[in-house]
Participant: 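The structure under discussion is supplied below as structure tokens; questions concerning it will follow.
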Amino acid sequence: MNLNYRLSNDYVRGLVDGEGCFTFYTNTKMKDGKKITIKIPAFSLRMHHRDIWLLEGVCTHLRLDNNVYMYKAYRKDGAKRGAQASFVIRSPESLKNIIIPFFYKKLAGYKGRQFIEWLENIGSYSDVPDRYKTLYELYKSGYWDD
């Protein structure tokens, strides 16, 4: 299905309020014989596969060049879930220039709190790579304030 209209900023923010997540992806590597764990800040949006066109519309609206991926239904626990579609933004540049300014001080309730806690955790987690720490420093300096 194609959109015959443009999504609005408020619609995208509402969609993310219900279906989006500001999170960290954990990556474990071996370095000098030791396990090193790093946390990569990320924004993700996941929905039922029937709405893949909507996820693609969000990527277009936000001018993201990310792909939307399909995942098979997960039924190991007996629940009858449908296949999922999602995209994940991990690029420091995309987070800095697109995601954070789009949502900064524009989400209410739990998702608004989750967003600010995510920014705070970028600065406080010791296992976040330095190139992402800049996001926290910009947040603390008021870079995205109006």
Participant: What residues, two or more places apart in sequence or in another chain, satisfy ring-ring contact (aromatic ring centres under 6.0 Å, His included) together with F87?
Facilitator: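 Here no residue qualifies.
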Participant: If the condition is side-chain contact (heavy atoms from CB on, under 4.5 Å), which residues does P92 pass it with, not counting sequence neighbours?
Facilitator: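 Once residues adjacent in sequence are excluded, the partners of P92 under the side-chain contact (heavy atoms from CB on, under 4.5 Å) criterion are R131, Y132.
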Participant: Report the distance from atom CG of L135 to atom CG of L95, rounding to the nearest 0.5 Å.
Facilitator: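 Interatomic distance, L135 CG to L95 CG, rounded to 0.5 Å: 6.0 Å.
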Participant: Does the side chain of I122 reach to within under 4.5 Å of the side chain of Y139, using non-hydrogen atoms?
Facilitator: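 I122 does not reach Y139 side chain to side chain.
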Participant: Salt bridge (Lys or Arg N to Asp or Glu O under 4.0 Å) with E137: which residues, sequence neighbours excluded?
Facilitator: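 E137 satisfies salt bridge (Lys or Arg N to Asp or Glu O under 4.0 Å) with no other residue.
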Participant: What residues form a side-chain contact (heavy atoms from CB on, under 4.5 Å) with K35, not counting sequence neighbours?
Facilitator: T28, M30
Participant: Could you state the interatomic distance from CZ (F22) to CD1 (I116), rounded to the nearest 0.5 Å?
Facilitator: 9.5 Å
Participant: Output every pair passing salt bridge (Lys or Arg N to Asp or Glu O under 4.0 Å) with a member in residues 83-99, not counting sequence neighbours, ordered by first then second residue.
Facilitator: none
Participant: How long is the span from the CD1 atom in I89 to the CD1 atom in I98, to the nearest 0.5 Å?
Facilitator: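 Separation between the atoms: 7.5 Å.
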Participant: What residue pairs, at least two apart or across chains, pass salt bridge (Lys or Arg N to Asp or Glu O under 4.0 Å) with a residue in residues 36-51?
Facilitator: none
Participant: Is W118 reachable from Y143 through a run of I, L, V, M, F, W or Y residues, each pair having side-chain heavy atoms under 4.5 Å apart?
Facilitator: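 Yes, because Y143 and W118 connect within a single hydrophobic cluster, where side-chain heavy atoms sit under 4.5 Å apart.
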Participant: Applying salt bridge (Lys or Arg N to Asp or Glu O under 4.0 Å) as the test, list every pair that has at least one member in residues 14-31; sequence neighbours left out.
Facilitator: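 Qualifying pairs, neighbours excluded: none.
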Participant: Under 4.5 Å between side-chain heavy atoms, hopping through other hydrophobics if needed: is there a path connecting L55 to M70?
Facilitator: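 Cluster IDs for L55 and M70 match.
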Participant: Who passes ring-ring contact (aromatic ring centres under 6.0 Å, His included) against Y125, sequence neighbours left out?
Facilitator: F24
Participant: Which is it for T23 and V88 under the side-chain contact (heavy atoms from CB on, under 4.5 Å) test, yes or no, and what are the steps along the way?
Facilitator: CA-CA 10 Å; T23 188; V88 177; over 6 Å; no
Participant: Test of understanding: with salt bridge (Lys or Arg N to Asp or Glu O under 4.0 Å), list the residues that count as partners of D145, not counting sequence neighbours.
Facilitator: K105
Participant: Can you tell me how far apart CD1 (I100) and CG (L138) are? Round to the nearest 0.5 Å.
Facilitator: 8.0 Å
Participant: Could you tell me how the ring of H61 sits relative to the ring of F102: parallel (under 30°), tilted (30 to 60°) or perpendicular (over 60°)?
Facilitator: perpendicular
Participant: Pairs in or reaching into residues 107-122: which pass salt bridge (Lys or Arg N to Asp or Glu O under 4.0 Å), with residues at least two apart or in two chains?
Facilitator: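 Those involving residues 107-122 are E120-K140.
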Participant: Measuring from atom CG of N9 to atom CG of L62, what distance do you get when rounded to the nearest 0.5 angstrom?
Facilitator: 8.0 Å
Participant: State which residues pass side-chain contact (heavy atoms from CB on, under 4.5 Å) with K106; sequence neighbours excluded, sorted by chain then number.
Facilitator: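 K106 satisfies side-chain contact (heavy atoms from CB on, under 4.5 Å) with R13 once adjacent residues are dropped.
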Participant: What residues, two or more places apart in sequence or in another chain, satisfy salt bridge (Lys or Arg N to Asp or Glu O under 4.0 Å) together with D65?
Facilitator: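 Salt bridge (Lys or Arg N to Asp or Glu O under 4.0 Å) check on D65 returns nothing, list empty.
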Participant: Hey, could you give me the OG/OH distance between S44 and Y25, rounded to the nearest 0.5 Å?
Facilitator: 4.5 Å
